[in-house]
**Q** 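Starting off with a structure, shown below.
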Amino acid sequence: MSVTDDLQPSKLGTKEHWENVYEEELQNFEEFGDEGEIWFGEDSVDKMVDWAVRNVPPKSIDYSEGAVALASSIAQTRSHEGIQFHRCDFLNDEPPLLSDEHAGDNGAWDLILDKGTFDAIALMQKDNQGEAPVDGYPMRVARLLKPGAHFLITSCNFTEAELQEKFVTPATGLHYHSCIQHQTYTFGGRSGSICSSVAFIKPAST
């Protein structure tokens, strides 16, 4: 049984929900300067950014127009005009490339970051053929990465072991690279953290 099989479809897996969320957050940002809710807390974001800065510089896509507008507005207020933001349905569209990038069988991206996207996709309804969109996500990531490139994911629904089970497969060819430590909590004799952050690497061509 897949680690995603136990999750039931939810409004969190619909584009309509996120369009409504980001429409409200964009309005709040424009009126009050409120940058909106940060999933898993600011600490998780800071740790992902620190990891990215040490490895490769990021660029951003989202399938919600509102998310792109909000991120672009926040970047401008922080003087990060050099960051590019694009609307893109990651599961179905080809992400836009930088001017010096070239798509091919070996991918074009040096780094893919995911903070909550895999979680949301895992809550999507199955398609007409009974296939869960989340099952195609690992291969999509692997195909877009260059040899030697990294994939860093933060999830609140899956443990480090479950993420490794999903992404480290013969089909993806991805290898475990490292993990980011988050604060742990103990309850009922068991310890854990509110989220898991794991980095994977696509081996360089030999």
**Q** Looking only at non-hydrogen atoms, find the nearest pair between Pro203 and Gly173 and report the distance.
**A**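 Minimum heavy-atom separation between Pro203 and Gly173: CD-O, 3.1 Å.
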**Q** Centres of the Phe118 and Phe167 rings: under 6.0 Å?
**A**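 Ring centres of Phe167 and Phe118 closer than 6.0 Å.
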**Q** Check this for me, if you would: do Lys166 and Asp135 make a salt bridge, where the nitrogen-to-carboxylate-oxygen distance has to be below 4.0 angstrom?
**A**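 Salt bridge present between Lys166 and Asp135.
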**Q** Donor-acceptor pair, distance only, cut-off 3.5 Å: does the side chain of Ser72 make one with the backbone of Ala69?
**A**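 Looks like no, no N/O pair under 3.5 Å.
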**Q** Within the side chain of Asp119, is there an N or O that forms a donor-acceptor pair under 3.5 Å with the backbone of Cys156?
**A**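 A pair under 3.5 Å: yes.
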**Q** Would you check if His150 and His177 make a side-chain contact, meaning some heavy-atom pair closer than 4.5 Å?
**A**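 Yes. Closest side-chain heavy atoms under 4.5 Å.
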**Q** Of the options Ile112, Asp114, Ile180, which is the one that meets Leu152 in a side chain to side chain contact (heavy atoms under 4.5 Å, CB included)?
**A**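 Of the listed residues Ile112, Asp114, Ile180, the side chain to side chain contact (heavy atoms under 4.5 Å, CB included) partner of Leu152 is Ile180.
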**Q** Would you find a donor on one side and an acceptor on the other, under 3.5 Å apart, between the side chain of Glu162 and the backbone of Thr159?
**A**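 Checked: pair present.
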**Q** Check Lys202 against Arg143 and note the closest heavy-atom contact, atom names and distance.
**A**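 Closest approach of Lys202 to Arg143, heavy atoms only: NZ-O, 4.2 Å.
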**Q** Hey, is the main chain of Phe158 close enough, under 3.5 Å, to the side chain of Ser196 for a donor-acceptor pair?
**A**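 Yes: the side chain of Ser196 pairs with the backbone of Phe158.
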**Q** Using a 3.5 Å distance criterion without hydrogens, assess whether the side chain of Arg87 forms a donor-acceptor pair with backbone atoms of Val68.
**A**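 No; zero donor-acceptor contacts below 3.5 Å.
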**Q** Closest heavy-atom contact between Ala204 and Pro147?
**A**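 Closest approach of Ala204 to Pro147: CA-CB, 3.8 Å.
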**Q** Is the CD atom of Glu160 crowded by more than 12 outside heavy atoms at less than 6.0 Å?
**A**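 Atom CD in Glu160 is crowded, with more than 12 foreign heavy atoms closer than 6.0 Å.
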